[in-house]
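One structure is given here, and the rest of the page talks about it.
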Protein chains: 2
Amino acid sequence: MKGRRAPGLSAVAERAGVSVSLVSRILTGDATLRVRDDTRQRVIQAAEELKYVPHVSARALRLAKAGAIGLVVQDVSNPIHAEIIRGAQLATAAHGQVLLLADSPELASNAQAFDRLIGEGRIDGLLWQSSGLDFDDELASRAAGHLPTILVNNRPRAGVPGIRLADEEAAALAVEHLIELGHRDIGFVGGRAVTDISVRRLAGFREAMDRHGLPIRPEWIIAQEWDAAAGHAAMTSLLACPRLPTAVFVANVVVAVGALAAAREHGVGVPGDLSMIAVHDAWFVEHGAPPLTTVLLPLRELGRRAVELVLGDDLDGPEGGHLITDPPPRLVVRGSTGRP
Amino acid sequence: MKGRRAPGLSAVAERAGVSVSLVSRILTGDATLRVRDDTRQRVIQAAEELKYVPHVSARALRLAKAGAIGLVVQDVSNPIHAEIIRGAQLATAAHGQVLLLADSPELASNAQAFDRLIGEGRIDGLLWQSSGLDFDDELASRAAGHLPTILVNNRPRAGVPGIRLADEEAAALAVEHLIELGHRDIGFVGGRAVTDISVRRLAGFREAMDRHGLPIRPEWIIAQEWDAAAGHAAMTSLLACPRLPTAVFVANVVVAVGALAAAREHGVGVPGDLSMIAVHDAWFVEHGAPPLTTVLLPLRELGRRAVELVLGDDLDGPEGGHLITDPPPRLVVRGSTGRP
DNA sequence: CTGGGTCGTGAAAACGTTATACCAACAGAA
DNA sequence: TTCTGTTGGTATAACGTTTTCACGACCCAG
């Protein structure tokens, strides 16, 4: 599995017949360096012949820069998070950096591991995909004391900068679609109620309803958790209401999967008896029964921008934090919405 | 965002009034060291007061050990891969290591990034979640030349060790279930045909059919890709056969989502007209229409073991590679299978 | 032919660890 | 007293980079 030791700068220098420092300056592209062109070529060729690759720990030690950024997410198997990860990964790669993955429950349960992660100089910045769990703020702000840190998919919070999507607009867009179809009785199924995302999507929902002069019934507003099981439970309790809405806005497509199942189990036809629209798009929605109408938000872009802000140490955005408006939320009409 | 520089060994040494080397030896738990107990306490206390955290690059440089392992996956948003990632993450964390995430298409398209990743000493080992794409073998075996490398979810291949699940047994278990229900005409929908997993599941399928003396119809064997769209296409072409099976085994639950949708679109009732069973379990299957009957395989354990093998540099397993048999494949009966 | 300014390159220190070798002090034995 | 061994440490040299500074050679002006 192993060959001999990897060649270092000194091996290249020896082969090219020059000093170590010269090799370093040539290979890193030092602009202030004046060197004869044939020497430069000799060095470059020697490096190629030896397949020289700089040793990252040595460089990191010298530069006090790790060349890596960390991404903390609550749950990798959530497809929404997966898209963010993907975006972050592409961005780090594009900047010659590398992505470290950790998960927040694990870090919360192991304080020492957390202190190491943020203190040992392994990463230059941290993306915190916040969960809304209780340890969340505490850890994130502790991290921010050591590293450029940004809350992904959140407003700034506890003194930590944040970046978010156009959640209000997305929710409004969804509601407009329902209204346009003729719905007036519209319910809301959210995620974990304390999370910023759920709050913002509810705000967008309210705003759109108000703007069209439609009443909001408190018993049609349910927010529990961000997973499918919660969606199932939420829809079940919604369907227990004496009077039912003709359409429901679901704050997240994962939650919608559970909600859809619950509706089906209760014999409520979608979109016949109840229209449903959800935020985010994912690989599975078009194969649903029925395929879900959704509002597409640029999750990948979210991951990408977060990385760039952290790398550029350009964290303090406008009031309310950084906001991704391009591309704007887009309505993807499929089979789960129709006339009341 | 930043405080002052992180304290180093020398800061701790100064505060405790001892030498740097003593601090190092105490803090790393050098067994050959003889030291007075009060000195030891003084050092430990000083380290705590300063919140000393060892600088990982310096340590990596000195020890020629990075303290990280890399995980290359083809697509993060595949829920199957997500489970493997999760297992790998838990295992690395448990060993005080850290997990680096990369994706194979990206690495394939950027040869320099790949050479860096495996050459720059950033990781001590590599987990390669192979994709069956054309670049796959090439890259994996190149990696294996630099680092302890293991193919996850694969037999050994191209000289690279591998670890896999009990795919044959899982397939057989699924087929047995169908046979027990009374099915005799059973089809097979695989994944990308060249991948080891698809091959092995097909082998398990054939073996179980043979054992029960059931004929296998070539036109009922379809293998295309590992995603839902491919499942949709496969099922569509299966349903075009003049004579249809009464049940179908699908090699992967993601593929099954597409297959299920295709059946629905063609008015084929599941399980009324066609029973369906798939390999792996994921969060969305129980909310399907109908909820899928599956065979559960220990994906997380796969990730965990792979990490441990790489860390222990214990790669060359038995003929055919390492095989995870514990826990064994388990049948999870839901609503997609029934009597013919 | 002396002096200052480039041009091209090399020497050396530093980053924070760990490992090896060594040493001072003291005890007990001869 | 001198020798030997143990106890409790310290000094130092790496690991592979990057960066600062210095230096020899050459050129041109005075």
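Every chain is numbered from 1 and lettered A, B, ... according to where its sequence line falls, protein lines coming before strand lines.
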Inset, instruction - Could you walk me through whether Asp196(B) and Arg164(B) pass the salt bridge (Lys or Arg N to Asp or Glu O under 4.0 Å) test, one step at a time? - result: CA-CA 10 Å; Asp196(B) 190 40; Arg164(B) 61 197 172 92; 5.7 Å; no

Legend entry - Length of the line joining Arg34(B):CZ and dT20(C):P, which is rounded to integer Å: 19 Å

Inset, instruction - Starting from C1' on dT9(C), measure out to CG on Leu33(A) and report it in whole angstrom. - result: 9 Å

Report, one pair per line, the protein and nucleotides 21-23 of chain D atoms (nitrogen or oxygen only) whose separation is under 3.5 Å.
none

Inset, instruction - Name all residues meeting the salt bridge (Lys or Arg N to Asp or Glu O under 4.0 Å) criterion together with Arg25(A); count only those two or more places apart in sequence or in a different chain, and write none if there are none. - result: Asp30(A)

Inset, instruction - Using a cut-off of strictly less than 4.0 Å, decide whether Arg36(A) has a side-chain nitrogen or oxygen near OP1 or OP2 of dG8(C). - result: no

Inset, instruction - Starting at the 5' end of nucleotides 12-17 of chain D, put B wherever the base has a protein heavy atom under 4.0 Å, S where only the sugar-phosphate does, and a dash everywhere else. - result: -BBBBB

Legend entry - Thr39(A) (side chain) donor-acceptor with Val35(A) (main chain) under 3.5 angstrom: no

Inset, instruction - Applying side-chain hydrogen bond (donor to acceptor under 3.5 Å, both in side chains), name anything that partners His81(B), two or more places apart in sequence or on another chain. - result: Gln129(B)

Legend entry - Check: Trp128(A)/Thr149(A) side-chain N/O donor and acceptor closer than 3.5 Å: no

Are there any protein N/O atoms within less than 3.5 Å of an N/O atom in nucleotides 4-6 of chain D, and if so, which ones and at what distance?
none

Legend entry - Residues which pass side-chain hydrogen bond (donor to acceptor under 3.5 Å, both in side chains) with Thr28(B), listed by chain and number, not counting sequence neighbours: none

Inset, instruction - Take the protein atom CG of Asp37(A) and the nucleotide atom C1' of dC7(C), then report the distance between them rounded to whole Å. - result: 14 Å

Inset, instruction - Taking side-chain hydrogen bond (donor to acceptor under 3.5 Å, both in side chains) as the test, write out the residues that go with Asp38(B), two or more places apart. - result: Arg36(B)

Inset, instruction - Give, for atom CG of Leu22(B) and atom OG of Ser24(B), the distance between the pair rounded to the nearest 0.5 Å. - result: 9.0 Å

Inset, instruction - Report the residues that fulfil side-chain hydrogen bond (donor to acceptor under 3.5 Å, both in side chains) with Ser104(A), sequence neighbours left out, ordered by chain and then residue number. - result: none

Inset, instruction - Please collect all side chain to side chain donor-acceptor pair (under 3.5 Å) contacts where either partner lies in residues 115-126 of chain A, sequence neighbours excluded, each pair once. - result: Asp115(A)-Arg142(A), Glu120(A)-Arg122(A)

Legend entry - Pairs flagged by salt bridge (charged side-chain N to carboxylate O under 4.0 Å, His left out) wherever residues 46-56 of chain B is involved - sequence neighbours left out: Arg15(B)-Glu49(B)

Inset, instruction - Not counting sequence neighbours, list each pair that qualifies as a salt bridge (charged side-chain N to carboxylate O under 4.0 Å, His left out) and has a residue in residues 80-98 of chain B. - result: Asp103(A)-Arg86(B), Glu83(B)-Arg300(B)

Legend entry - Atom-to-atom span, CG of Asp30(B) to C1' of dA21(C) - whole angstrom: 14 Å

Legend entry - Close side-chain approach of Pro327(B) and Pro298(B), heavy atoms under 4.5 Å: yes

Legend entry - Atom-to-atom span, NZ of Lys65(A) to P of dG16(C) - whole angstrom: 15 Å

Legend entry - DNA chain D contacts among residues 112-124 of chain A, heavy-atom distance under 4.0 Å: none

Inset, instruction - Rounded off to whole Å, could you give me the CG-to-C1' distance for the Leu22(B) and dG9(D) pair? - result: 6 Å

